[in-house]
Amino acid sequence: MINLRQKLERQCKLALMRAFPKACDGGKLSGKPINPQLVRTNNPEFGDYQINAALQLTKILKKAPRDIATSIVTELTKNEEFASICDSPKIAGPGFINLTIKPERLIQELITRLEDNRLGIPLAETNDGKRITDPIIVDFSSPNIAKEMHVGHLRSTIIGDSIARVLEFRGHNVLRLNHVGDWGTQFGMLINHLKSVAPEALTKANAIDIGDLVNFYRKSKERFDSDNNFRERSREEVVNLQNGDPTSLKAWKLLCKQSRDEFQKIYDRLDVRLTERGESFYNEYLQDVVDDLDALNLLVKDDGARCVFLEGILGKNNKPLAIIIQKSDGGFNYATTDLAAIRYRLNPSPKGDGACRVIYVTDSGQSNHFNGVFQIADRANWIPTGKKIEHVPFGLVQGEDGKKLKTRSGETIKLKSLLDEAVNRAEFDLRRRLKEEDRKESESFIKLVSETVGIGAVKYADLSQNRITNYQFSFDKMLALHGNTAPYLLYAVVRIAGIVRKGGSLATIPKQLEFTEKQEWDLVKELLKFDDAINDVEEELLPNRLCNYLYELCQVFNRFYDQLPVLKAKGSSKSSRLALCLMTTNTLKLGMNLLGIPTLERM
RNA sequence: GGGGCUGUAGCUCAGCUGGAUAGAGCGACGGUUUCCUAAACCGUAGGUCGUGGGUUCGAGUCCCGCCAGCCCCGCCA
């Protein structure tokens with residue numbers, strides 16, 4: 001209820017200014033404007049919102065908090081707009097002012113949203129009411145070429161996608177960038193190996209399918225580690241590639257294409273859309289980074305390498321921490337690439353993306369790195385005022401033993417096999433249930449439900465946890481039918497679809513809604529919190545806020561569903577309850593969609 | 001040695017500009033189905049919010065110290 005809340009906030013400020021004009025003027029002068037401290041209550045018995053300002057003002061005003069509260073309430077009730085939104089405010093406890101939204105106002109709000117295909121979520125605008133056109137970049141997923149996607153890419157891909165979806169829905173122009181590792185020293189050995197095992201691939205088109213890239217990578221690494229001659233030729237190959245040698249370039253492109261095709265299978269399955277723009281894209285901008293930092297006198301030669309020493313961050317020996325921009329052999333490394341990327345992304349078109357906000361979704365192990373790089377970009381004045389670059393870190397994926405997730409033999413878990421297992425388990429569970437309930441379903445139904453539940457469970461388990469902390473991966477927990485899981489949420493949607501199948505129509509929205517039961521009002525109020533949840537995700541980039549909301553909505557809905565009949569209700573009660581079902585299913589479908597999880601009609 | 005993150009019920013986790021009695025789920029114990037998918041709902045038990053200070057009318061939340069765990073720390077990304 002962002003709009004109602006904003007109106008209330010305005011009325012509260014007005015009331016404060018009228019009740020205590022001197023103190024408010026003083027607050028303005030001192031740069032600390034007096035805030036009504038309007039917050040949502042945590043307990044329904046205190047109404048919907050509460051004003052906490054009275055307690056804080058006791059010192060400034062030298063009055064008892066309840067007296068201050070009385071003065072605020074007096075001013076509030078004089079105001080017509082306030083009176084049209086809230087019942088008369090109540091002073092409670094040491095000086096809280098409890099506000100309750102009028103039921104007719106809640107119904108009005110609900111009807112507005114029922115008729116709005118955006119469910120009351122506004123499009124993002126600037127302060128003066130214009131649409132925001134500058135893109136927001138979300139940099140996520142970022143696997144390495146010639147390697148398979150593994151569990152380490154899971155969180156970035158899922159969290160990044162959800163953040164991008166929420167921003168897109170709010171109307172932002174979102175550029176989803178896949179900053180793949182497609183450059184660097186490892187390509188020397190890969191190209192070298194390719195040339196020796198499949199030279200025909202470099203002369204004919206589509207001559208070869210490398211097939212198992214992981215195996216290919218492993219074999220070339222083995223040779224690199226054991227064969228001096230091979231190692232030497234690999235180093236030369238890196239130079240060839242960087243100098244733009246056509247054959248090396250062709251080999252490189254071939255490897256990239258192979259990887260890209262493999263990645264795409266996973267992205268298709270996860271329904272994640274990405275624009276590939278690998279590290280190599282920034283090659284031509286690297287030298288400028290060095291030159292410009294040098295011109296700004298930020299570069300220092302140390303031990304043969306050219307570095308920027310960070311301010312306020314000490315490394316070993318109590319010396320400022322150095323970030324290497326150019327290696328002693330003249331090569332660049334990842335800090336250089338990231339700096340070039342920052343410049344390109346923030347530079348206006350056509351020399352850049354002209355982004356207003358750049359979001360990096362990577363594991364928290366890179367926090368130090370981004371801290372350093374952002375500081376350098378800032379000191380070089382490469383971040384125009386009003387533009388934001390932010391690291392969105394997330395914790396490790398751990399097994400149920402609390403250690404980094406590995407296979408039993410200690411290897412990294414492939415993303416594909418992880419998804420397969422989730423889907424297989426969902427299928428097994430579904431078949432068992434069908435048998436128990438003596439239901440017959442087609443194979444295509446079983447496949448669809450298993451895939452949706454399995455993949456949805458993996459995504460939801462990840463998203464529903466605060467991303468900052470490490471995340472304990474458990475198939476049993478994510479696929480559980482109870483608790484804060486994808487199956488529980490999916491089931492609520494299915495229940496509503498069941499009502500429709502049994503003769504309830506959600507097609508027409510009644511002009512008048514009538515609610516008499518507590519369970520109905522609880523659901524109304526919960527439904528109206530959706531915009532707050534979306535707002536939270538956009539501001540704090542925490543998708544778990546949306547998950548928590550959807551979960552709570554399901555709990556409130558299930559209580560309603562369990563305790564009140566819908567189809568057997570009479571007259572306006574039936575149509576009003578159907579309207580609640582419609583709003584609930586619309587909210588769940590949209591909410592799940594913003595998490596990247598499709599819903600089902602039956603399961 | 002330096003830096004970052006985390007520490008909340010037996011377990012996994014929420015806790016939104018500091019606000020009233022710290023919330024879920026799992027697990028445990030007990031109850032509910034002639035009724036829209038019981039894949040649900042209701043109830044009981046379970047917490048000195050790592051620890052010691054400080055700020056505040058008020059601290060799980062902010063500041064400082066300490067303890068524990070995880071991660072990172074110049075020529076890989």
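Within every chain, numbering begins at 1; the chains are lettered A, B, ... in the order of the sequence lines, protein sequences first and strands thereafter. For the numbers below, each heavy atom of this structure counts, side chains included, while hydrogens, waters and symmetry mates do not.
- Base engagement by A:I324 is indicated by at least one non-hydrogen atom pair under 4.0 Å involving a base atom.
- Without hydrogens or angle criteria, A:T585 side chain to A:L582 main chain gives no donor-acceptor distance under 3.5 Å.
- Residue A:V39 is in base contact, counting any heavy-atom pair closer than 4.0 Å across all strands shown.
- As judged by a 4.0 angstrom heavy-atom cut-off over every strand, A:K319 is placed among the base-contacting residues.
- Remark: A:R306 is not in phosphate contact with B:G74, judged by side-chain N or O atoms under 4.0 Å from OP1 or OP2.
- Applying the 4.0 Å criterion to OP1 and OP2 of B:C5, one finds that A:N368 has every side-chain N and O outside that range.
- Look at CZ on A:R433: it is 12 Å from P on B:A38, rounded to the nearest Å.
- Checking side-chain atoms of A:S364 against main-chain N and O of A:F394 turns up a donor-acceptor pair under 3.5 Å.
- Counting only distance, with no hydrogens or angles, the side chain of A:R467 and the backbone of A:D462 share no donor-acceptor pair below 3.5 Å.
- As rounded to the nearest Å, B:C11 and B:G27 have C1' atoms that lie 7 Å from one another.
- A:F187 and A:W252 have perpendicular rings, their planes meeting at more than 60° on a 0 to 90° scale where under 30° would count as parallel.
- Ring-base stacking between A:F96 and B:A20 is satisfied, the centre separation being under 5.5 Å and the plane angle under 30°.
- Classification of the A:Y471-A:F473 ring pair by plane angle, with boundaries at 30° and 60°, yields perpendicular.
- Summarising the geometry, the separation between CZ on A:F370 and C1' on B:C5 is reported as 16 Å, rounded to the nearest angstrom.
- Taking atom CG on A:L550 and atom C1' on B:G25, their separation rounds to 16 Å, with Å as the unit.
- No engagement by A:D532 is indicated, since no non-hydrogen atom pair under 4.0 Å with the nucleic acid exists.
- When the side-chain nitrogen and oxygen atoms of A:K404 are compared with OP1 and OP2 of B:C70, none of them lie within a distance under 4.0 Å.
- Contact check, A:K327 against B:C76: a side-chain N or O comes under 4.0 Å of OP1 or OP2.
- Judged by closest nucleotide on RNA chain B, A:R439 is the one of A:A305 and A:R439 placed further toward the 5' end.
- Atom OH in A:Y488 sits about 8 Å away from atom P in B:G25, given to the nearest Å.
- Applying the 4.0 Å criterion to OP1 and OP2 of B:C41, one finds that A:Q563 has every side-chain N and O outside that range.
- Among the heavy atoms of the strands, none lies under 4.0 Å from A:P487.
- Heavy-atom distances to RNA chain B give each of A:G498 and A:E552 a nearest nucleotide, and the one nearer the 5′ end belongs to A:E552.
- In this structure, A:Y551 reaches the sugar-phosphate backbone alone: every heavy-atom distance under 4.0 Å involves primed, P, OP1 or OP2 atoms, never a base.
- The CG-P distance, from A:N466 to B:C16, rounds to 10 Å in whole Å.
- Remark: aromatic rings of A:Y334 and A:H179 are distant, center separation not under 6.0 Å.
- In this structure, A:Q6 places its CD atom 17 Å from P of B:U17, rounding to the nearest Å.
- Across all strands shown, A:L321 has heavy atoms under 4.0 Å from sugar-phosphate atoms exclusively, and none from any base.
- Using a 4.0 Å cut-off, some side-chain N or O of A:T469 falls inside it from OP1 or OP2 of B:A14.
- Judged by distance alone with a 3.5 Å cut-off, a donor-acceptor contact links the side chain of A:S328 to the base of B:C75.
- Rounded to an integer number of Å, the gap from A:R559 CZ to B:C42 C1' is 10 Å.
- Looking at A:Q50, its side chain comes within 3.5 Å of the base of B:A20 through a donor and an acceptor atom.
- Ring to ring, A:F370 and A:Y360 are close: their centroids are under 6.0 angstrom apart.
- On the C1' atoms, B:G46 is 16 Å away from B:U12, given to the nearest whole Å.
- With its glycosidic angle more than 90° from 0, B:G25 is assigned anti.
- One can place CD of A:Q472 at 14 Å from C1' of B:U6, the figure rounded to the nearest angstrom.
- In terms of polar N and O atoms assigned as donor or acceptor, the side chain of A:N558 never comes within less than 3.5 Å of the base of B:A38 in a complementary pairing.
- For B:G43, the paired nucleotide is B:C29, the pair qualifying as Watson-Crick or G-U wobble because both relevant distances are below 3.5 Å.
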